[in-house]
Undergrad: 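My structure is below; once you've seen it, I'll send some questions.
Scope of the values below: all heavy atoms of this structure, side chains included, with no hydrogens, waters or symmetry mates. Residue numbering restarts at 1 for every chain, and letters A, B, ... go by the order of the sequence lines. Computed from a predicted structure; not experimentally measured.
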Amino acid sequence: MSSDAPAVPTNFIRNIVIEDLESGKHQEIVTRFPPEPNGHLHIGHAKSICLNFGIADEFGGRTNLRFDDTNPLKENEDFMNAIMDDVRWLGFEWDNLFHASDYFGQLYDFAVHLIRTEKAYVEELSADEMLDYRGDWMNNEPGRESPWRNRPVEESLDLFERMKNGEFEDGKYVLRAKIDMNSPDRFMRDPVMYRIRNARHHRTGDEWHIYPMYDWAHGISDAIEGITHSLCTLEFEEHRPLYEWFLENIPTPSMPRQIEFSRGNLDYTVMSKRRLRELVEEGHVKGWDDPRLPTLAGLRRRGFTPEAIRAFWSDLGVSKSNSIISMGVLENYVRNDLNVRAPRTMAVMDPLKVVLTNLPEGETEWLEAPLHPQNEEMGTRRVALTREIWIERSDFMEDPPRKFFRLKPGGEVRLRNAFIVQCTNVIKDGSGNVAELHCEFDPDTRSGMPGASRKVKGTIHWVSAEHGVPVEVRLCDRLFTVPNPLGEKDHDFREFLNPHSMDVMEHVIVEPEVAEGGPGDFYQFERTGYFCHDLVDSKSGRPVLNRIVTLRDSWARIEKEMAQRRK
RNA sequence: UGGGACGUCGCCAAGUUGGUUAAGGCACGGGGUUUUGAUCCCCGCAUUCGCAGGUUCGAGUCCUGCCGUCCCAGCCA
């Protein structure tokens, strides 16, 4: 373990690939990402995408995008397009774009081969009867063979062809593999290969009246494409014997290896397609791209960067243990990425007026401020200081606790990028609330001047009341109030929706350049967090920004602890 | 009650066929720098690998038993 070399993130799948390359089993690695076009991609899919593309990239291989479109009732073109957008946005480009439906013809021929070799038959038991015949494996009960199991090959062939031609209604027949009705692995108890669906497919139209099941279609699609490592999630582990059985019993074009890994779950959210669909359709969120959702479209709109998401999955690694990852970890990757790239600016979320009594009305002090404190190459911007400015209401306290380094009556604080000011007067309204502050600035302490080296404890941000522009800001936060909303027994996950998952601030004051930005532009609001123009709602003349994530805030932690101690 | 998997620090996770001191990241604690209480930089952070036995000179790595968690009864994927 050398100390200076960065730890190479490794995992059991990568190790298998390396072995296969070294042993000469494969010369080239080919993987695939096989989404079903019946929903939107989420952060969990990103794990699979990063794994599949990542492993191929690392070893100079190829990765196909393959739509697993074997169920015409649920799939459509819109989902397909959205998925392609998401994969590209994440930063990956597939070597080939395929569809399981591209292989319907070959799949059919292979099925005929299985019938001819007496390894498949046309079933006419009903779904309920089949269920009954399969036996109760929970109680170790063997299954019974269907009366149609040994029907003559010619009869199956004839029926199968007529199924294909659309001569029967849905559900009338089914093609089954003839494997083992007593297998403890329930997927081996004569699984269904084809069902009749007199439905229009979004790509093949009315050409087919039968559609292959996942287990039949998937492995063969892999084999046709020459996939070397077919990576999938844990729930398919029990399907692996079937995956292999199918390939072993047809003249297979190649022999891919299925390897399973665990899904990546996050806390304080839900990831299942069904749950996400419910949230969208019931209006709990504003669409598939709602910034609070863990969908890739949502994360993108929220302002999470693909770089951060890729680094997140790459560092977390891949294993077979079920895990729920803290949202905080993902947020950290976003902070780390944005910290390096986001230009700095000042924005006041909850404005309190300050009058600089020794700065004449109508006069503007122009100040030069760096766009990034650690990266001069990002350049500078001009910031206007005027007699009236806004500061953050929470940056002033009349009677502050110890260690409060911000403004207090008589106290001094630095205005970021500008001067040190002293609070000389607190003006209150009729009900005793602080309405405005009078301060005097010390002209010798201007940024860049010799007097600027004078130290004061705190620095606060501000915006000129004359130059600042009001914008709408949406404070995105976790969608749920509990780590595992689906894991609470006797409760519906909807009960745990966070009412403050997207509080709207209608009147945030920003520097003029921010208001002029366009969709997707992002910034660090110094001392507050990272924000970006909403991809769909931010319009010129009516800017809307999302809070991507807050800055790490140790003062907030101290405050919290103090509050706790007071209890 | 059957089958398939998994259990290494709060959260991820590495641990080549058993071999001296159990990687790394995040979180956390302490210190330093700082015109963001941000960033950055140091330092600390599992005598222990779900539990209990056993094999061995030696086990996170092998054996046995137990406990816990997840998945499986679509003509879904």
Undergrad: When you check the phosphate oxygens OP1 and OP2 of A77(B), does a side-chain N or O of Lys273(A) lie under 4.0 Å from one of them?
TA: no
Undergrad: What's the gap between A46(B) and G10(B) when it is taken at their C1' atoms, as a whole Å value?
TA: 12 Å
Undergrad: Looking at A38(B), does its base get a donor-acceptor pair with the side chain of Gln374(A) below 3.5 Å?
TA: yes
Undergrad: How is Asn15(A) classified with respect to the nucleic acid when contacts are heavy atoms under 4.0 Å: base, sugar-phosphate, or nothing?
TA: sugar-phosphate
Undergrad: On a whole-Å scale, what distance lies between the C1' atoms belonging to A23(B) and C66(B)?
TA: 31 Å
Undergrad: May I ask you to verify if any side-chain N or O of Arg186(A) is less than 4.0 angstrom from the OP1 or OP2 atom of G4(B)?
TA: no
Undergrad: Less than 4.0 Å between a side-chain N and a carboxylate O, is that true for Glu75(A) and Arg203(A)?
TA: no
Undergrad: Please state whether the phosphate of G37(B), meaning OP1 or OP2, lies under 4.0 angstrom from any side-chain nitrogen or oxygen of Arg527(A).
TA: yes
Undergrad: Ignoring backbone atoms, establish whether Ser321(A) has a side-chain N or O less than 4.0 Å from OP1 or OP2 of A13(B).
TA: yes
Undergrad: Which base sits across from C66(B) as a Watson-Crick or G-U pair, both distances under 3.5 Å?
TA: G50(B)
Undergrad: Compare the ring of Trp137(A) with the six-membered ring in the base of A73(B) and state whether they stack (centres under 5.5 Å, planes under 30°).
TA: no
Undergrad: Quick check: on RNA chain B, is the nucleotide nearest Asp170(A) upstream (toward 5') of the one nearest Ser453(A), or the reverse? Name the residue that is more 5'.
TA: Ser453(A)
Undergrad: Applying a 4.0 Å non-hydrogen cut-off, can you work out what Ile324(A) is touching in the nucleic acid: base, sugar-phosphate, or nothing?
TA: sugar-phosphate
Undergrad: Measuring from the side chain of Arg195(A) (C-beta onward, heavy atoms only), which nucleotide among G37(B), C72(B), C75(B) has the closest atom?
TA: C75(B)
Undergrad: Does any N or O donor sit under 3.5 Å from an N or O acceptor when you compare the side chain of Arg406(A) with the base of G37(B)?
TA: yes
Undergrad: Can you tell which of U35(B), A77(B), A38(B) lies closest to the side chain of Glu36(A)?
TA: A77(B)
Undergrad: Side-chain N or O of Ser447(A) less than 4.0 angstrom from OP1 or OP2 on U35(B)?
TA: no
Undergrad: For the side chain of Thr10(A), counting heavy atoms from C-beta on, which of A14(B), A77(B), A13(B) is nearest?
TA: A14(B)
Undergrad: Between G3(B) and Glu238(A), counting only base atoms on the nucleotide and side-chain atoms on the residue, is there a donor-acceptor pair under 3.5 Å?
TA: yes
Undergrad: Round to the nearest Å and state the distance from Ile210(A) atom CD1 to C75(B) atom C1'.
TA: 12 Å
Undergrad: Report the nucleotide, chosen from A38(B), G74(B), G15(B), that has the shortest atom-to-atom distance to any side-chain atom of Leu131(A).
TA: G74(B)
Undergrad: Give me the distance, rounded to whole Å, that separates U21(B) from A77(B) when you measure between the C1' atoms they each carry.
TA: 49 Å
Undergrad: With respect to the phosphate group of C71(B), does any side-chain polar atom (N or O) of Asn322(A) fall under 4.0 Å of OP1 or OP2?
TA: no
Undergrad: Roughly how far apart, to the nearest Å, are C67(B) and G29(B) at atom C1'?
TA: 34 Å
Undergrad: Check Glu392(A) with Arg527(A), please: is the shortest side-chain N to carboxylate O separation under 4.0 Å?
TA: no
Undergrad: Does U35(B) have OP1 or OP2 sitting under 4.0 Å from an N or O in the side chain of Arg454(A)?
TA: no
Undergrad: Name the closest nucleotide to the Asn71(A) side chain, picking from C26(B), C76(B), U35(B).
TA: C76(B)
Undergrad: So does Arg134(A) get a side-chain nitrogen or oxygen closer than 4.0 Å to the phosphate oxygens (OP1/OP2) of C75(B)?
TA: yes
Undergrad: For G74(B), decide between syn and anti, treating a glycosidic angle within 90° of 0 as syn.
TA: syn
Undergrad: For C11(B), which nucleotide is its Watson-Crick or G-U wobble mate, given both distances must be under 3.5 Å?
TA: G25(B)
Undergrad: For Thr70(A) and A77(B), is the shortest distance between a side-chain N/O and OP1 or OP2 below 4.0 Å?
TA: yes
Undergrad: Would you find more than 12 non-hydrogen atoms of other residues, nucleotides or ligands less than 6.0 Å from Lys320(A) atom NZ?
TA: yes
Undergrad: Could you tell me how far C9(B) sits from A14(B) if I compare only their P atoms? Round to whole Å.
TA: 12 Å
Undergrad: By nearest heavy atom, map Arg414(A) and Ser126(A) onto RNA chain B; which one lands nearer the 5' end?
TA: Arg414(A)
Undergrad: Rounding to the closest angstrom, what is the interatomic distance between C26(B) and C63(B) at atom P?
TA: 36 Å
Undergrad: Does a donor on one side chain sit under 3.5 Å from an acceptor on the other, for His239(A) and Asp215(A)?
TA: yes
Undergrad: Take atom C1' in G32(B) and the same atom in C49(B), then report the distance between them in whole Å.
TA: 36 Å
Undergrad: Rounded to whole angstrom, note down the P distance from G50(B) over to G60(B).
TA: 10 Å
Undergrad: Between Glu36(A) and Lys74(A), does any NZ, NE, NH1 or NH2 come within less than 4.0 Å of an OD or OE carboxylate oxygen?
TA: no
Undergrad: Between Asp444(A) and Arg454(A), does any side-chain N to carboxylate O distance fall below 4.0 Å?
TA: no
Undergrad: Using the aromatic ring of Tyr214(A) (for Trp, its six-membered ring), decide whether it stacks on the base of A77(B) within the limits of 5.5 Å and 30°.
TA: no
Undergrad: Considering the options Tyr103(A), Trp216(A), Phe160(A), which one meets the ring pair (Phe, Tyr, Trp, His ring centres under 6.0 Å) requirement together with Tyr108(A)?
TA: Phe160(A)
Undergrad: Would Glu225(A) and Arg66(A) pass as an ion pair if we require N to O under 4.0 Å?
TA: yes
